[in-house]
Number of protein chains: 2
Amino acid sequence: MPAKRTTVRDVRRHNRSTLLSTLFFDGPLSRHDLSRLTGLSAATVSNVTGELAEDGLVVEAGLVDSDGGRPRVLLRVNPQHAHVVGVDVGETGIRTELFDLALTRLTTVDRALPAGTPDPTEVAAHVAASVRAAIEQAGVAERGVLGVGVGVPGTVEQGRTAVVHAQAIGWGGVPLEELIRAEGITPPLFLENGAKTQGQAEMWFGAGRGASHVVIALLGSGVGAAVVTEGNVYRGSTSSAGEWGHTTIVYGGRPCRCGSRGCLEAYVGAGGVLDRYRRARGGRAVPGEDERAQLEHLVAAAERSAAATRVLDETAGYLGAGIANLVNLFNPQRIVLGGWAGLALGAQLLPRIEQATAAHALHHPYGQVSIELARLGPDAVAVGAATLPVAALLERGADPRRQPSSGADVA
Amino acid sequence: MPAKRTTVRDVRRHNRSTLLSTLFFDGPLSRHDLSRLTGLSAATVSNVTGELAEDGLVVEAGLVDSDGGRPRVLLRVNPQHAHVVGVDVGETGIRTELFDLALTRLTTVDRALPAGTPDPTEVAAHVAASVRAAIEQAGVAERGVLGVGVGVPGTVEQGRTAVVHAQAIGWGGVPLEELIRAEGITPPLFLENGAKTQGQAEMWFGAGRGASHVVIALLGSGVGAAVVTEGNVYRGSTSSAGEWGHTTIVYGGRPCRCGSRGCLEAYVGAGGVLDRYRRARGGRAVPGEDERAQLEHLVAAAERSAAATRVLDETAGYLGAGIANLVNLFNPQRIVLGGWAGLALGAQLLPRIEQATAAHALHHPYGQVSIELARLGPDAVAVGAATLPVAALLERGADPRRQPSSGADVA
DNA sequence: CGACCTTGTTTTAAGTCTTAAACTAAGCCC
DNA sequence: GGGCTTAGTTTAAGACTTAAAACAAGGTCG
């Protein structure tokens with residue numbers, strides 16, 4: 001594997017990327033600030049930012065007086081340079097959002113999916129239609145869209161074209177990227193597992209900001225995790241890393257829908273928690289029309305019901321052990337607890353969860369970690385998906401759509 | 001933190017590193033081969049290898065006829081350019097080995113440590129003495145030693161100077177690097193957790209060769225893992241990642257020496273296995289003078305004893321669940337089972353372990369992984385430690401000891 | 001045995017890139 | 001206006017890679 005061919009031109013690409021990323025994440029900055037932050041010389045900063053401005057990627061953003069000297073010109077990424085679309089493909093519906101390049105939301109389109117096992121081609125058609133709807137609603141040209149990120153359930157195998165494996169909904173090797181492409185969507189597509197896009201959103205805009213080793217633990221009907229190592233979402237050899245929900249935590253324990261026993265998901269997934277609560281109530285159904293309402297009922301009942309308290313305490317225990325496993329294996333700086341069930345439980349239980357984690361984790365790694373609640377909520381899958389094309393842009397340091405005025409690749 | 005490759009000189013460093021690494025791992029190669037393998041132009045290969053040869057890092061290694069053309073000159077890393085030392089600091093003794101740059105072992109020095117909790121200063125003195133002994137035995141100048149790698153029990157926090165945390169032997173924040181330095185060892189020191197150095201050894205010379213996502217699972221008295229992601233040993237935010245032994249696998253289960261309950265180590269560590277066996281025998285002690293002998297007795301007894309068979313089957317089950325957790329979380333290409341207990345058990349149980357892993361892991365990641373036995377045995381800690389200075393050399397592409405004839409850093 | 005072919009390695013000339021240093025720009029203060 | 005300070009640009013030099021040409025060293029074959 002030839003380690004990324006290194007010619008003198010790659011240096012320019014790399015520096016474009018560094019400067020563009022710094023501007024994106026650390027807001028408007030003067031050329032001087034950029035020089036200080038990146039370690040590049042003032043000459044290079046001037047040269048490269050000039051090129052970026054020529055390409056329309058960067059614009060000036062006002063002046064700042066510097067006491068007794070020439071005022072600084074602030075630069076920032078041009079929010080109008082392009083738009084991006086993020087799609088959240090859930091089991092019951094599709095949410096599509098359109099953003100400018102600064103990831104300010106401009107349009108939202110919701111679409112329900114028919115109940116039952118979704119047909120891949122049908123899903124692709126719905127995705128394509130809602131992407132077009134979002135673009136039209138925003139009054140943007142399709143050519144102006146940098147890329148479309150799609151967060152999907154299940155594992156996304158990143159080959160020449162992305163393929164989705166989702167045992168739970170009966171998708172085994174669905175070539176979803178090709179299917180969407182076949183529906184006539186022209187901008188670049190970026191498919192990724194929804195938990196990972198949600199994790200990416202927390203990293204960029206939520207509780208993960210500033211840290212480079214983070215695990216975003218997501219509790220909903222299912223249980224998953226997005227593992228961030230050295231600032232990047234960890235994928236493993238075939239993109240299916242982070243399947244925290246199906247790690248064994250009670251050997252030989254409760255059966256899990258994956259076919260195994262004792263999985264974490266069977267204990268702290270919404271279904272598992274509610275099932276345990278139902279048993280604690282002597283088999284009586286939990287009030288509430290769906291899992292979400294039922295879980296809220298459980299949390300609210302904790303004040304007056306010993307059974308509810310016990311179930312929640314046990315949940316904190318299991319969850320703490322599960323989190324401790326993450327702490328021991330990944331040694332992160334931060335654990336972010338999210339997902340609708342995670343937020344509902346965490347709001348009440350966080351201290352007890354921390355206590356249980358401390359009891360199960362080794363002292364040294366536990367001493368390095370803080371456990372926090374997610375800031376964005378489960379709706380963040382779409383923004384997270386929209387970050388994917390932006391991340392690609394920042395990494396290249398150039399807009400892949402236009403043939404290079406300057407430093408981009410030609411081959 | 002400005003990412004590295006920013007000036008035009010870094011390109012040279014990077015290419016030196018690429019070429020040197022390729023020569024190191026893929027044996028003697030002609031300049032032509034190097035050009036093909038690295039994607040660098042023939043001109044650059046010629047230029048850079050010339051420089052490397054001038055620095056004494058690379059030497060010619062014979063000719064090879066090419067049918068009908070100029071014969072190729074083979075190049076290889078010069079094994080005589082420098083020597084490296086690897087030290088394995090165990091709980092009962094220290095093994096020190098000296099290698100040439102091709103990591104061929106030239107000398108071995110063993111030293112016992114007094115029983116009981118080891119005193120850090122004393123250990124440092126023993127390390128220094130045995131390093132000196134190994135150097136002297138080999139008849140090498142201390143200046144000729146590129147570096148000394150030291151594999152230690154516990155977590156190594158890599159700061160300005162390495163600090164060791166090892167709960168088990170009562171080391172809390174021992175500045176071992178400084179202590180060894182104070183004993184008058186002058187070459188660069190590289191401290192790392194012993195499990196991680198052993199994992200590195202398997203990656204370079206054992207069952208991990210060629211793969212980039214591997215978990216090396218080590219079973220001995222303790223249980224640990226070295227996690228390799230994208231070719232590098234994963235450390236986490238403070239180097240204590242990979243504490244697989246203390247992940248919870250039976251919530252509320254057997255007490256573990258770490259103070260928690262239900263840790264994997266309590267079930268599949270040598271002590272845990274033997275304890276379960278003793279109970280299965282109605283409390284009678286297991287024959288054998290130490291854990292190693294007792295475990296061998298257990299494995300041998302499987303043919304005739306139902307109790308032994310049952311204990312081993314259960315062990316395979318627990319271990320399979322533990323390995324499945326690694327598979328689900330890290331999605332590796334390969335799991336390497338090692339450590340003295342791992343090898344003793346794995347020789348008999350591998351099929352049953354695979355079966356149990358399959359039962360607990362998700363289909364998709366399990367389909368991507370193969371489970372193999374380690375090839376090197378537990379003695380590999382020292383070689384693994386010795387790879388550390390070599391890895392540093394390959395990464396720099398230049399010998400840090402000598403002031404640059406050419407492309408090395410000056411600051 | 002010498003012209004010609006093949007393959008490997010080195011030299012040459014061109015082009016890209018960063019940087020230090022000199023230089024220009026734009027404000028304040030007296 | 002002259003000095004002073006800070007921001008940003010231009011210039012000249014040096015480091016690198018590369019394609020192409022040149023050179024090296026063997027074989028083949030008439």
Side-chain angles (χ1 to χ4, degrees), chain A residues 2-19 28-54 58 60 62-75 397 404-411, chain B residues 2-19 28-54 58 60 62-75 397 404-411:
Chain A
K4 234 190 278 193
R5 182 140 51 118
T6 306
T7 97
V8 81
R9 242 170 156 153
D10 295 315
V11 177
R12 180 54 147 251
R13 271 196 269 283
H14 184 257
N15 287 342
R16 275 179 73 114
S17 167
T18 304
L19 288 171
L29 293 167
S30 71
R31 293 175 174 82
H32 197 76
D33 296 332
L34 283 170
S35 174
R36 201 167 31 74
L37 257 56
T38 62
L40 291 168
S41 72
T44 299
V45 170
S46 207
N47 187 334
V48 175
T49 53
E51 221 176 75
L52 291 170
E54 211 169 275
V58 160
E60 300 197 347
L63 298 184
V64 172
D65 283 5
S66 74
D67 32 27
R70 176 175 173 173
R72 293 168 258 191
V73 177
L74 294 183
L75 301 175
S405 74
S406 39
D409 42 356
V410 183
Chain B
K4 258 296 122 126
R5 189 156 60 262
T6 80
T7 102
V8 82
R9 243 171 155 151
D10 296 313
V11 176
R12 179 56 146 247
R13 267 196 274 282
H14 183 258
N15 288 341
R16 276 179 71 115
S17 167
T18 303
L19 288 170
L29 292 168
S30 72
R31 293 176 174 82
H32 196 76
D33 297 331
L34 283 171
S35 174
R36 200 168 32 75
L37 257 56
T38 61
L40 292 167
S41 72
T44 300
V45 170
S46 202
N47 188 334
V48 175
T49 53
E51 220 176 78
L52 290 170
E54 210 171 275
V58 160
E60 300 197 347
L63 299 183
V64 172
D65 283 6
S66 73
D67 31 28
R70 176 173 172 174
R72 293 169 253 195
V73 178
L74 295 182
L75 301 175
S405 74
S406 40
D409 43 355
V410 183

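Every heavy atom of this structure was used, including side-chain atoms; hydrogens, water molecules and symmetry mates were not. The sequence lines fix the lettering, A, B, ..., with proteins before strands; numbering per chain opens at 1.
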Is [Y] close to [X] at the side-chain level, that is, under 4.5 Å between some pair of heavy atoms?
| X | Y | answer |
| --- | --- | --- |
| Leu63(A) | Leu74(A) | no |
| Asp10(B) | Val11(A) | no |
| Leu19(B) | Thr38(B) | yes |

Write down the distance between [atom1] ([X]) and [atom2] ([N]), rounded to a whole number of angstrom.
| X | N | atom1 | atom2 | result |
| --- | --- | --- | --- | --- |
| Leu29(A) | dG8(D) | CG | P | 11 Å |
| His14(A) | dC16(D) | NE2 | P | 18 Å |
| His32(B) | dG8(C) | NE2 | P | 4 Å |
| Leu37(A) | dA7(D) | CG | P | 14 Å |
| Arg9(B) | dT17(D) | CZ | P | 12 Å |
| Arg31(B) | dT7(C) | CZ | C1' | 14 Å |
| Arg12(B) | dC17(C) | CZ | P | 18 Å |
| Arg36(A) | dG8(D) | CZ | P | 12 Å |

Measure the spacing between [atom1] of [X] and [atom2] of [Y] and express it to the nearest 0.5 Å.
| X | Y | atom1 | atom2 | result |
| --- | --- | --- | --- | --- |
| Arg16(A) | Thr49(A) | CZ | OG1 | 10.5 Å |
| Thr6(B) | Leu40(A) | OG1 | CG | 5.5 Å |
| Asn15(B) | Leu52(B) | CG | CG | 10.5 Å |

| Arg72(A) side chain near dG8(D) phosphate (N/O to OP1/OP2, under 4.0 Å) | no

| query | How bent is the helix from dC1(C)-dG30(D) to dC30(C)-dG1(D), comparing axes over its five end pairs at each side, to the nearest 10°? | reply | 30°

| query | Mapping Val8(A) and Leu74(A) onto DNA chain D by nearest heavy atom, which one lands closer to the 5' end? | reply | Leu74(A)

| Nucleotide by nucleotide, 5' to 3', does protein get under 4.0 Å of the base (B), only the sugar-phosphate (S), or neither (-) in nucleotides 19-30 of chain C, counting heavy atoms? | BB----BBBS--

| Pairs satisfying salt bridge (charged side-chain N to carboxylate O under 4.0 Å, His left out), at least one member in residues 35-48 of chain A, at least two apart | Asp33(A)-Arg36(A)

| request: Could you check Asn47(A), Thr7(A), Thr44(A) and say which one makes a side chain to side chain donor-acceptor pair (under 3.5 Å) with Arg12(A)? | output: Asn47(A)

| Are the side chain of Ser46(B) and the backbone of Ala42(B) linked by a donor-acceptor contact shorter than 3.5 Å? | no

| Base, sugar-phosphate alone, or nothing: which one does Val45(A) contact when heavy atoms must sit under 4.0 Å apart? | nothing

